[in-house]
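The basis for the numbers below is simple: all heavy atoms, side chains too, and nothing from hydrogens, waters or symmetry mates.
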Amino acid sequence: MHVLILGGTTEARALAGLLHGKVRVTSSLAGRVASPRLPAGEVRIGGFGGVDGLVEWMAGHAVDAVIDATHPFAERISFNAARAAATAHVPLLALRRPGWVPVDGDDWRPVASLEEAARTLDGLGDRVFLTTGRMGLAAFAACPQWFLVRSVDAPDTPGPARTELLLDRGPFTLDGERELMRHHRVDVVVTKDSGGAATAPKLTAAREAGLPVVVVRRPPVPEGVRTAASPEEAAAWVATR
């Protein structure tokens, strides 16, 4: 059996580790991170060339099942995977870590997009901790606020005029996030609802400091696609194929 795992997330790597040695596993990484953490099993890096390219690759490599374990905000590849799997008649599962849930004391401002997040910043403070990654900085390019931008790799698109770049990779600690926000005198945090524990400490630190958090809601999983909440649940699905 040959399982294609889409994505370089923590959950994708964990799933590859669970399946390696039991079935043939190929993990496909988008190639957006310069030095990705590689999973167990076979690895390919780069896009497929859209739906048709993914259909062709699956046929040429005798793929029996596909697991979309991409980042919750990788909307394009998720919809391409759904169309390609339906076209090729290959079973598809979406592995999605649960989203974050606010607790007492949180001051969250939910928004639908990065553009809405940029508009929401007006009146929330002058010093923004932006943790949405390097791909969407253009949405904040016209903002007058000062931004602390944290990203794994340096951005290659224009961003806000007043920016300090922090290259770092999670998981992050609560003490570290507290000190970072204190040192940079952060007024407001902007994040995507990526879920998981690796980057969640910033939410606790913001709550403790009484800071508002602008949270970009994640896009839905393509209609009709079955989901799993953990690598273990996804591995159990593979065992039933």
| Among all residues two or more places apart in sequence or in another chain, which pass the ring pair (Phe, Tyr, Trp, His ring centres under 6.0 Å) test with Phe140? |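 Listed in chain order: Phe147.
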Between [X] and [Y] (salt bridge meaning N to carboxylate O under 4.0 Å), is one present in this structure?
{"X": "Glu164", "Y": "Arg127", "result": "no"}
{"X": "Asp107", "Y": "Arg109", "result": "yes"}
{"X": "Glu177", "Y": "Lys202", "result": "no"}
{"X": "Arg241", "Y": "Asp64", "result": "no"}

| task | For Arg182, check salt bridge (charged side-chain N to carboxylate O under 4.0 Å, His left out) against everything at least two apart and list the hits. | result |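 Once residues adjacent in sequence are excluded, the partners of Arg182 under the salt bridge (charged side-chain N to carboxylate O under 4.0 Å, His left out) criterion are Glu179.
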| said: Restricting to salt bridge (charged side-chain N to carboxylate O under 4.0 Å, His left out), what partner residues turn up for Glu232, sequence neighbours left out? | reply: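 So Glu232 forms no salt bridge (charged side-chain N to carboxylate O under 4.0 Å, His left out) with any residue.
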| query | Is His71 reaching over with its side chain to a backbone N or O of Phe73, donor-acceptor style, under 3.5 angstrom? | reply |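 Side chain of His71 to backbone of Phe73: a pair is present.
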| message | Closer than 3.5 angstrom, by distance alone: can the side chain of Arg96 be matched with the main-chain N or O of Ala69 as a donor-acceptor pair? | response |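 Side chain of Arg96 to backbone of Ala69: no pair is present.
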Taking everything shown except [X] itself, do over 12 heavy atoms lie less than 6.0 Å from its [atom1]?
{"X": "His184", "atom1": "NE2", "answer": "yes"}
{"X": "Asp126", "atom1": "CG", "answer": "yes"}
{"X": "Arg83", "atom1": "CZ", "answer": "no"}

Going from [atom1] on [X] to [atom2] on [Y], what distance comes out if it is rounded to the nearest 0.5 angstrom?
{"X": "Leu130", "Y": "Leu148", "atom1": "CG", "atom2": "CG", "result": "8.5 Å"}
{"X": "Leu174", "Y": "Glu208", "atom1": "CG", "atom2": "CD", "result": "5.0 Å"}
{"X": "Ser78", "Y": "Asn80", "atom1": "OG", "atom2": "CG", "result": "9.0 Å"}
{"X": "His2", "Y": "His61", "atom1": "NE2", "atom2": "NE2", "result": "7.5 Å"}
{"X": "Arg44", "Y": "Thr26", "atom1": "CZ", "atom2": "OG1", "result": "9.0 Å"}

May I ask you to test the [X]-[Y] pair for a side-chain heavy-atom distance under 4.5 Å?
{"X": "Leu15", "Y": "Ile67", "value": "yes"}
{"X": "Pro155", "Y": "Leu165", "value": "yes"}
{"X": "Leu180", "Y": "Phe129", "value": "yes"}

| request: Apply the side-chain contact (heavy atoms from CB on, under 4.5 Å) test between Leu29 and each candidate in Leu6, Ile5, Thr9, Ile45; give the one that qualifies. | output: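 With Leu29 as partner, Leu6, Ile5, Thr9, Ile45 yield a single side-chain contact (heavy atoms from CB on, under 4.5 Å), made by Ile45.
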| request: Would you kindly say whether Asp175 and Thr173 are connected by a side-chain donor-acceptor distance under 3.5 Å? | output: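 Note: Asp175 and Thr173 side chains miss the donor-acceptor criterion.
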| said: For the residue pair Arg207 and Trp108, would you count it as a cation-pi contact if the rule is NZ or CZ under 6.0 angstrom from the ring centre and within 45 degrees of the ring axis? | reply: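 So Arg207 doesn't make the cation-pi contact.
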